Trainee: 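Take a look at this one; I'll ask things after.
Quick caveat, the model's predicted, so the values are computed rather than measured. Convention: sequence-line order gives letters A, B, ...; per-chain numbering from 1.
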2 protein chains.
Amino acid sequence: MSSPSGRIIDEYEPIIGRSEMQEILELAERVHGARIIHVNSTMYGGGVAEMLRSLVPLANSLGLKVKWEVIEGDDSFFKTTKSIHNALQGNMNIEISEEMWSHYLEVNEGNVRKLDLEGDVILIHDPQPLPLILHRRGGVWVWRCHVDMSSPHPDVWARIREYVLKYDALVFSLERYAPGDVLGKPVYTRFPAIDPLSDKNRSLSVDEILRVLERYDVDPDRPLIGQVARFDPWKRPLDALKAYRLAREKIPGLQMAMVGSFAHDDPEGEEWYRKVKEEVGDDGDIHLLTNLKDVEVNAVQRSLSVALQMSIREGFGLSVTEALWKEVPVIARRAGGIPLQVIDGFTGFLIESPEEAAERAVYLIKRPWMARELGARGHDHVKRSFIITKLLKDYLRMHIDLVGLAPEIRIR
Amino acid sequence: MSSPSGRIIDEYEPIIGRSEMQEILELAERVHGARIIHVNSTMYGGGVAEMLRSLVPLANSLGLKVKWEVIEGDDSFFKTTKSIHNALQGNMNIEISEEMWSHYLEVNEGNVRKLDLEGDVILIHDPQPLPLILHRRGGVWVWRCHVDMSSPHPDVWARIREYVLKYDALVFSLERYAPGDVLGKPVYTRFPAIDPLSDKNRSLSVDEILRVLERYDVDPDRPLIGQVARFDPWKRPLDALKAYRLAREKIPGLQMAMVGSFAHDDPEGEEWYRKVKEEVGDDGDIHLLTNLKDVEVNAVQRSLSVALQMSIREGFGLSVTEALWKEVPVIARRAGGIPLQVIDGFTGFLIESPEEAAERAVYLIKRPWMARELGARGHDHVKRSFIITKLLKDYLRMHIDLVGLAPEIRIR
């Protein structure tokens, strides 16, 4: 995998081209040696961890000094942060007790001793490590929020906002995700991205794909649709099942793959997995696939005729990005970053109900040529805008910017 | 279509990338002002005319002075040159009378007065204008042969060789196409190429495709396979029909498109069209589509589940290139340049018989995901090697080379 020069970026040249690579090298030169620290709450599972796994070594091999720190917490801490996450995302029924808030702060305080937070730019991802800012020493602190906060639970947001306002800059996945009352703070938009060379996305041989299908008893000769999503109420797995069952009435033999991974910071996952399992019952054509290896998810996605994403809330919708990269057209609701990716009638279809999703799925399964046209456009679209090297470039530009915020830091 | 700078090459940048464009500009600078003359026998129809239609304006907009001349002839001339073509391609049953040879030379002589042959490099395409060399005045003369001449009819080749040996350099589509006894002549290999921005290949909206299908009564909801090829014994149209009929036994409702254009220099076309029409009979699911506009051929190709190419002889097989560019997997015989393009199991399947073709077609129609994987690889493969800007680059390199052959010519 590694290139003769040892620079990881060179491995991307066949995909992004030489001039894009050159631009990245020039930007990286300007922040050579800058100490960047990313902090999040999990090494595995979820889009943030996946991105960091690609981004951190990539930036290091360009001469930056990037570290990735992970905060630790107990179950009750992660239960609280999951509630905060859902409340910030707009669930108004959530209550967080004073005891929960205290524990949230205590866990963060406890982590300060274990983490290396001495850097030029400290990037804190999502609500879990947010209060670390209370213990800041030096550097520019940036809160990188992957949650749609356009209409947050007001009480929860009021508490969270205290910490947010202590940051030097904020980063959201979409412009409209920023809450209205952080005016004055520099706000950056950085689209999340996929790594085309990771196991989740790299190209696979037809035989590799067939082996995975065989392993999970999926028939390669009958059409397959699927949803790749955590088991979570926002992802609407039961809607995906409903859409599938409606589509199967028109396409006999149609199969369904429900691919879900559990993240270590997601206690709700198991509960929703049980609900889905119950709904599936003994339907042999629905493949409930949990905790697959990345390369297996890759293989399953590559064998889909159509990808569904019935979610009503998404940070950005990276599993949509992954499907489009693989030239699979996507049928999805207008949640989060999905409408940026699924351009209706061009890279897939935007729908509102399981009924509509089923109708569009049947349409595309009957017209593989149309699926191919949409899929090819989806791939190009992702390559232009939602690929890890694009994100790297945007982060490098942000690091250069941040020099202005803290002239004392050692960025050239 | 034209870019702000007026340079046609800029329109290709989104496809080929900036650094490839830069290399082309640098090469073109070295032969700025060079007078290049292409001579062939038809403005329309066939791969040579298509390539010149793209290549000539492209090279002109880069500062070369490129002209495209077409020789004129009567029916008997073109009948003779078609026979010469077939004989050079290996048909041993052909006899060319002394009278035919005389007329061949007379028509060429007659054209000398009408054509502008005053250039630095004169590129003569194929056998029709080959004897123009007898009337050469200045410049470097290059014979660009698009025919597989690896095992030519010995008597016909003996006559043709007289003229060939008068050229300064020869260009073949594949290295092994050059006959053995031109040793000592500089021989170049230049793969033919397709223009991704031409009507034949540019991207089409789904609606444009649907309109064309409707115009020709093709059902967009049932799978379609097809062969795009001149009506010609070498293209084996009856084998394509046989493969289709066998595949339909397994895929009820399968449709077939036989797309053939007639070139003005191809009197055999009509005869073979009649044979095919007779074989089709009143089978409503076989669409015999002749003399389509380029954009219509494009639309039909984009709606194929699988492209067939049953030909036993091909110059290079540009209709295979076109299909692969459109991400359609190709099932083809190992003729001409096809094995360079159809990499077995990777961009399509190489087969030997209609039976085998049918089996592979059924396999890919049942597995649209596999067709997509193969198609995507085919597209990348064409983009790397068989795209018009690659051919332009290779021609520019050849022009630079040719300075060495004729130091007096005005190439800087």
Side-chain angles (χ1 to χ4, degrees), chain A residues 13-23 203-210 213 218-226 250 253 299-307 325-329 345-347 349 362-380 383-384, chain B residues 13-23 203-210 213 218-226 250 253 299-307 325-329 345-347 349 362-380 383-384:
Chain A
E13 196 195 315
I15 298 169
I16 62 175
R18 207 183 311 162
S19 63
E20 176 76 358
M21 200 184 75
Q22 204 55 46
E23 278 182 44
S203 61
L204 299 178
S205 74
V206 161
D207 284 345
E208 282 177 287
I209 298 170
L210 280 172
L213 297 184
V218 179
D219 181 349
D221 287 329
R222 285 187 286 139
L224 177 71
I225 65 175
K250 300 283 169 53
V300 172
Q301 283 180 317
R302 285 183 187 274
S303 57
L304 298 178
S305 285
V306 160
W325 174 254
K326 299 173 181 91
E327 310 211 1
V328 178
F346 194 78
T347 67
F349 292 110
V362 169
Y363 186 72
L364 284 177
I365 294 165
K366 280 195 178 167
R367 297 180 170 186
W369 62 269
M370 197 184 284
R372 179 177 58 216
E373 288 288 323
L374 268 52
R377 290 181 170 95
H379 175 83
D380 288 347
K383 187 164 144 180
R384 216 171 297 120
Chain B
E13 196 195 316
I15 298 170
I16 62 175
R18 207 183 310 163
S19 63
E20 175 75 359
M21 200 183 73
Q22 206 53 48
E23 278 182 42
S203 61
L204 299 178
S205 73
V206 162
D207 285 346
E208 282 177 287
I209 297 170
L210 280 172
L213 297 183
V218 179
D219 182 350
D221 288 329
R222 285 188 285 139
L224 177 72
I225 65 176
K250 300 281 169 56
V300 172
Q301 282 180 318
R302 285 183 187 275
S303 57
L304 298 178
S305 285
V306 160
W325 174 253
K326 298 174 181 92
E327 311 209 0
V328 178
F346 194 77
T347 68
F349 292 109
V362 169
Y363 186 71
L364 284 177
I365 293 165
K366 280 196 178 167
R367 299 181 168 185
W369 63 269
M370 197 185 283
R372 179 177 58 218
E373 288 289 323
L374 269 50
R377 291 182 170 96
H379 175 84
D380 287 349
K383 187 163 145 181
R384 216 170 297 118

Trainee: Is it the side chain or the backbone of B:Arg372 that comes within 4.5 Å of chain A heavy atoms, both, or neither?
Mentor: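 B:Arg372 touches chain A through side-chain heavy atoms alone.
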Trainee: Suppose we screen for side chain to side chain contact (heavy atoms under 4.5 Å, CB included). Which residues come up paired with B:Pro368, at least two apart in sequence or across chains?
Mentor: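 If we apply the side chain to side chain contact (heavy atoms under 4.5 Å, CB included) test to B:Pro368, skipping adjacent residues, the hits are A:Ser305, A:Pro368.
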Trainee: So which of A:Leu224, A:Asp380, A:Leu204 has the largest heavy-atom pair count under 4.5 angstrom toward chain B?
Mentor: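 Greatest number of close heavy-atom pairs with chain B: A:Leu204.
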Trainee: Does any backbone or side-chain atom of A:Glu327 lie under 4.5 Å from a heavy atom of chain B? Answer side chain, backbone, both or neither.
Mentor: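 Backbone plus side chain of A:Glu327, per the 4.5 Å heavy-atom cut-off to chain B.
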Trainee: Got a sec, which residues hit side chain to side chain contact (heavy atoms under 4.5 Å, CB included) with A:Ala371, two or more places apart in sequence or on another chain?
Mentor: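 A:Ala371 satisfies side chain to side chain contact (heavy atoms under 4.5 Å, CB included) with A:Pro329, A:Leu364 only.
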Trainee: Could you go through the side chain to side chain contact (heavy atoms under 4.5 Å, CB included) check for A:Met21 and A:Ile16 one step at a time?
Mentor: CA-CA 7 Å; A:Met21 200 184 75; A:Ile16 62 175; 4.3 Å; yes
Trainee: Taking A:Trp325 for the side chain and A:Gly378 for the main chain, is one N or O donor matched with an acceptor at less than 3.5 Å?
Mentor: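 No.
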Trainee: Where on A:Glu13 is there a heavy atom nearer than 4.5 Å to chain B: the side chain, the backbone, both, or neither?
Mentor: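 Interface part for A:Glu13: neither.
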Trainee: Quick check on A:Arg377 against chain B: is it the side chain, the backbone, both or neither that has a heavy atom closer than 4.5 Å?
Mentor: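 Side chain of A:Arg377 only, per the 4.5 Å heavy-atom cut-off to chain B.
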Trainee: How about A:Glu373 and B:Ile209: do any of their side-chain heavy atoms sit closer than 4.5 Å?
Mentor: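 A side-chain contact under 4.5 Å exists here.
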